[in-house]
Amino acid sequence: MTARTIFKRIIDREIPAQIVHEDDLCLAFVDVSPQAPTHVLLIPKKEIASLDQVADEDAALMGHLIVTIRKLAAQLKLEDGYRVVANCGPHAGQSVDHLHFHILGGRPLAWPPG
Ligand code: 5GP
């Protein structure tokens, strides 16, 4: 059995987080180390380790996450634009093995990333 991640512990309310959205399928909360004025993480409640582990049966869940990103962007007033990032695996610097989308905004964001 794999260890419970820090994000699972946030879902289970064992660790506090500044939650900005919750529904049956997902949770969004402020990143503890924000890299922009707005930096929110959106995670599925289902324990999926990374984008690499998304199954065919997760297609509807993934669609729900994308629609939720659009709603969160409006809620967070990111009308000037925002970036969505999902780090997958060691070369991308993924540090928590629970699928998460970073939603970053509130300032111009440089491109390309490092
Ligand atoms: P990754 O590097 O895996 O793409 O992103 C993990 C993110 O989770 C990082 O931006 C990090 O700041 C954030 N993070 C790690 N631990 C916690 C925590 O306990 N609470 C919150 N709110 N964010 C966390």
Side-chain angles (χ1 to χ4, degrees):
M1 188 176 132
T2 45
R4 290 162 72 247
T5 67
I6 197 127
F7 290 172
K8 176 60 175 160
R9 296 179 69 195
I10 288 174
I11 292 169
D12 292 342
R13 301 299 200 273
E14 289 178 18
I15 293 176
Q18 191 181 331
I19 292 168
V20 297
H21 171 82
E22 179 169 26
D23 61 39
D24 289 349
L25 297 176
C26 64
L27 188 69
F29 50 93
V30 176
D31 196 295
V32 77
S33 177
Q35 302 302 311
T38 298
H39 187 172
V40 163
L41 300 171
L42 175 65
I43 66 173
K45 289 185 173 176
K46 180 177 178 181
E47 290 179 274
I48 300 171
S50 74
L51 273 180
D52 258 356
Q53 302 300 317
V54 173
D56 290 0
E57 70 197 34
D58 296 323
L61 170 60
M62 297 304 288
H64 178 74
L65 293 173
I66 297 298
V67 170
T68 301
I69 287 170
R70 190 253 300 159
K71 292 178 180 173
L72 273 170
Q75 177 185 326
L76 297 166
K77 304 195 185 317
L78 297 174
E79 54 272 332
D80 289 333
Y82 56 95
R83 182 169 295 159
V84 179
V85 174
N87 292 317
C88 182
H91 272 194
Q94 182 177 0
S95 62
V96 180
D97 290 335
H98 184 122
L99 176 64
H100 50 283
F101 291 101
H102 298 256
I103 303 167
L104 298 140
R107 65 168 171 82
L109 299 163
W111 189 263

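In what follows, every heavy atom counts, from backbone to side chain, and hydrogens, waters and symmetry copies are set aside. In this text the structure is predicted, and so the values were computed from the model without any measurement. Remember, it's 1-based here, ligands and their atoms both numbered in the order they're listed.
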### Task
Note the single closest protein heavy atom to atom 7 (C) of ligand 1, along with its residue, its atom name and the distance in Å.
Asp31 OD2, 3.5 Å
### Query
Is Glu22 salt-bridged to Lys45, going by a charged N under 4.0 Å from an acidic O?
yes
### Message
Once you restrict to heavy atoms under 4.0 Å, what part of Phe7 touches ligand 1? Side chain, backbone, both or neither.
### Response
side chain
### Query
Hey, does the side chain of Arg83 reach the backbone of His102 with a donor-acceptor pair shorter than 3.5 angstrom?
no
### Query
Contact between Val85 and ligand 1, counting heavy atoms under 4.0 Å?
no
### Query
Among Ile19, Ile6, Leu104, which one has a heavy atom closest to atom 16 (N) of ligand 1?
Ile6
## Note on the structure
Numbered in order shown, the ligand 1 atoms found under 4.0 Å of a heavy atom of Gln94 are 3 (O)
### Task
Decide whether an N or O pair under 3.5 Å exists between Val30 and ligand 1.
yes
### Query
For ligand 1, is there an N or O atom under 3.5 Å from any N or O atom of Gly93?
yes
### Message
Starting from Phe101, can I reach Leu25 by hopping between I/L/V/M/F/W/Y residues whose side chains sit under 4.5 Å apart?
### Response
yes
### Salt-bridge present (Glu14, Lys8; N to O < 4.0 Å)
no
## Note on the structure
Here the pair of heavy atoms bringing His39 nearest to Ser33 is ND1-O, 4.0 Å
### His100 ring center within less than 6.0 Å of His98 ring center
no
### Message
Under a 4.0 angstrom heavy-atom cut-off, which atoms of ligand 1 come close to Ser33?
### Response
12 (O)
### Query
Got a second to check how far Asp58's CG is from Leu99's CG, nearest 0.5 Å?
9.0 Å
### Query
Measuring from Ile15:CD1 to Arg9:CZ, what's the distance to the nearest 0.5 Å?
4.0 Å
### Task
Could you tell me whether Ala17 approaches ligand 1 through its side chain, its backbone, both or neither, with non-hydrogen atoms closer than 4.0 Å?
neither
### Query
Which heavy atom of the protein is the closest neighbour of atom 2 (O) of ligand 1, given with residue, atom name and distance?
Ser95 OG, 2.9 Å
#### Entry: His100 contact mode with ligand 1 (heavy-atom cut-off under 4.0 Å)
side chain
### Nitrogen or oxygen atoms of Val96 and ligand 1 under 3.5 Å apart
yes
### Task
To the nearest 0.5 angstrom, please state how far the CG atom of Leu72 sits from the OG1 atom of Thr38.
11.0 Å
### Query
When you measure from atom 24 (C) of ligand 1 to every protein heavy atom, which one gives the shortest distance, and what is it?
Val32 CG1, 3.4 Å
### Task
Give yes if a backbone or side-chain nitrogen or oxygen of His39 is under 3.5 Å from a nitrogen or oxygen of ligand 1, and no if not.
no
### Query
With under 30° as parallel and over 60° as perpendicular, where do the rings of Phe29 and Phe7 fit, or are they tilted in between?
perpendicular
### Message
For the 3.5 Å polar cut-off, considering only N or O atoms, please tell me whether His102 and ligand 1 meet it.
### Response
yes
### Query
Under 4.0 Å from any heavy atom of Ile10, which atoms of ligand 1 are there?
20 (N)
